[in-house]
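In what follows, a structure is listed as structure tokens, so that the remarks can point back to it.
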Amino acid sequence: MKEKELRRSLAVLPIGTVMKLTDLTARQIRYYEEQGLIIPERNEGNRRMYSLNNIDKLLEVKDYLAEGINMAGIKQIYAERAQEEAKRQAKREKSLTDADVRRILRDEFVAVSGLSKQNQFSFRNNGL
DNA sequence: CTTCTCACA
DNA sequence: TGTGAGTA
């Protein structure tokens, strides 16, 4: 499920192909890049190379534009989308630290009680 | 031939 | 956003 996403991110399409796939002019495609909506890579000859994800985003932008949304509006939509992703990322990190909290708490207890891990083991064997 | 940047009779 | 100029 991750190998697939990697392929979709591979920039292998020249602008000419993108034009046919999206029905957008080169001018528009470059303009949307200028607006930060997409960030195509560049090959050795400074030629823009697009990925399938870039195509999807361009088509998405095209739809928003068709719905009457302007550049500013589209930028806001992606800005909000980025913030929500940031929150999800923060939550994952928080849940991961929660797991670590137990380890930290346990180590703290061991230190305060003065019990080594080996002693804890022997205590258990003695039913304590 | 395709794409790039820059500019606007 | 279109388009032509001059390149790479």
Side-chain angles (χ1 to χ4, degrees):
Chain A
M1 195 70 102
K2 203 168 186 178
E3 187 73 16
K4 188 178 179 182
E5 184 57 33
L6 197 160
R7 295 181 193 292
R8 293 185 62 72
S9 298
L10 282 181
V12 295
L13 311 172
I15 197 169
T17 301
V18 179
M19 288 172 69
K20 296 173 183 174
L21 261 38
T22 64
D23 195 43
L24 291 171
T25 65
R27 181 82 164 81
Q28 293 175 302
I29 297 171
R30 297 187 187 114
Y31 178 66
Y32 301 154
E33 171 186 354
E34 201 175 292
Q35 298 306 302
L37 298 181
I38 56 173
I39 306 174
E41 294 178 17
R42 296 288 184 125
N43 62 16
E44 318 73 44
N46 194 41
R47 266 72 205 288
R48 273 169 262 251
M49 297 302 278
Y50 303 80
S51 68
L52 294 178
N53 281 326
N54 288 155
I55 301 295
D56 289 337
K57 192 149 186 181
L58 284 173
L59 291 173
E60 203 175 307
V61 170
K62 186 186 173 189
D63 286 337
Y64 284 137
L65 252 31
E67 291 176 30
I69 303 176
N70 54 44
M71 277 305 120
I74 295 176
K75 285 183 181 179
Q76 285 178 36
I77 292 176
Y78 287 125
E80 295 171 5
R81 196 171 293 183
Q83 286 178 44
E84 290 179 35
E85 290 306 313
K87 287 184 178 180
R88 292 185 180 182
Q89 189 64 42
K91 239 176 184 180
R92 291 176 189 174
E93 292 176 6
K94 187 173 184 179
S95 64
L96 284 178
T97 57
D98 276 346
D100 287 330
V101 169
R102 288 186 222 127
R103 177 180 55 70
I104 296 173
L105 245 41
R106 177 178 58 68
D107 290 344
E108 225 168 79
F109 172 74
V110 170
V112 174
S113 64
L115 295 174
S116 70
K117 290 179 182 177
Q118 189 182 334
N119 283 333
Q120 290 177 59
F121 181 73
S122 59
F123 267 66
R124 290 202 196 84
N125 283 337
N126 289 314
L128 300 175

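Keep in mind that what you see is a predicted model, and the values were worked out from it rather than measured. Any value given below was found using the heavy atoms of this structure, including those in side chains, with hydrogens, waters and symmetry copies removed. By convention in this document, chain letters (A, B, ...) are assigned in the order of the sequence lines, proteins followed by strands, and residues within each chain are numbered from 1.
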Shared hydrophobic cluster for A:Met71 and A:Ile39 (ILVMFWY, side-chain gaps under 4.5 Å)
no

Show your working on side-chain contact (heavy atoms from CB on, under 4.5 Å) between A:Arg103 and A:Asp100 and close with a plain yes or no.
CA-CA 5 Å; A:Arg103 177 180 55 70; A:Asp100 287 330; 4.2 Å; yes

Using modelled atom types and a 3.5 Å cut-off, is there a donor and acceptor pairing between side-chain atoms of A:Asn54 and backbone atoms of A:Ser51?
yes

Let me check I have this right: for DNA chain C, each base becomes ., (, ), [, ] or |, based on Watson-Crick or G-U pairs with both distances under 3.5 Å. What is the full string?
.|||||.|

Find the distance A:Tyr31:OH to C:dT1:P and express it as a whole number of Å.
7 Å

Please confirm whether the shortest side-chain N or O distance from A:Thr25 to OP1 or OP2 of C:dG2 is below 4.0 Å.
yes

Between B:dT3, B:dT5, C:dG2, which nucleotide gets closest to the side-chain atoms of A:Gln28?
C:dG2

Nucleotide by nucleotide, nucleotides 3-8 of chain C touches protein heavy atoms under 4.0 Å in the pattern (B base, S sugar-phosphate only, - none) B----B

Between C1' on B:dC6 and CZ on A:Arg30, what's the gap in Å once rounded to a whole number?
11 Å

Nearest-Å distance for atom pair NZ/P, residues A:Lys62 and C:dT1
12 Å

Here the distance between atom P of B:dT3 and atom CG of A:Asn43, to the nearest Å, is 11 Å

Integer-rounded Å distance: B:dT2 P and A:Met49 CE:
15 Å

According to a 4.5 Å side-chain heavy-atom criterion applied to Ile, Leu, Val, Met, Phe, Trp and Tyr, with indirect links allowed, do A:Leu59 and A:Met19 form part of one hydrophobic cluster?
yes

Within this structure, what is the CG-to-C1' distance between A:Leu24 and C:dG2, rounded to whole angstrom?
14 Å

With a 4.5 Å cut-off on side-chain heavy-atom distances among I, L, V, M, F, W and Y, is there a chain of contacts connecting A:Leu65 to A:Leu21?
yes

Non-hydrogen side-chain atoms of A:Lys57 and A:Tyr50 separated by less than 4.5 Å
no

Should A:Tyr31 and A:Met49 be counted in the same cluster of Ile, Leu, Val, Met, Phe, Trp and Tyr side chains packed under 4.5 Å apart?
no

Would you kindly give the CD1-to-P distance between A:Ile15 and B:dC1, to the nearest whole Å?
19 Å

Reckon A:Tyr50 has a side-chain N or O less than 4.0 Å from the OP1 or OP2 of B:dT3?
no

Quick one: A:Asn70 CG to C:dT1 P, roughly how many Å, whole number?
11 Å

Check whether any side-chain N or O of A:Lys62 sits under 3.5 Å from a backbone N or O of A:Leu24 as a donor-acceptor pair, and report yes or no.
no

Test A:Arg7 against A:Leu52 for side-chain contact (heavy atoms from CB on, under 4.5 Å), laying out the working first.
CA-CA 8 Å; A:Arg7 295 181 193 292; A:Leu52 294 178; over 6 Å; no

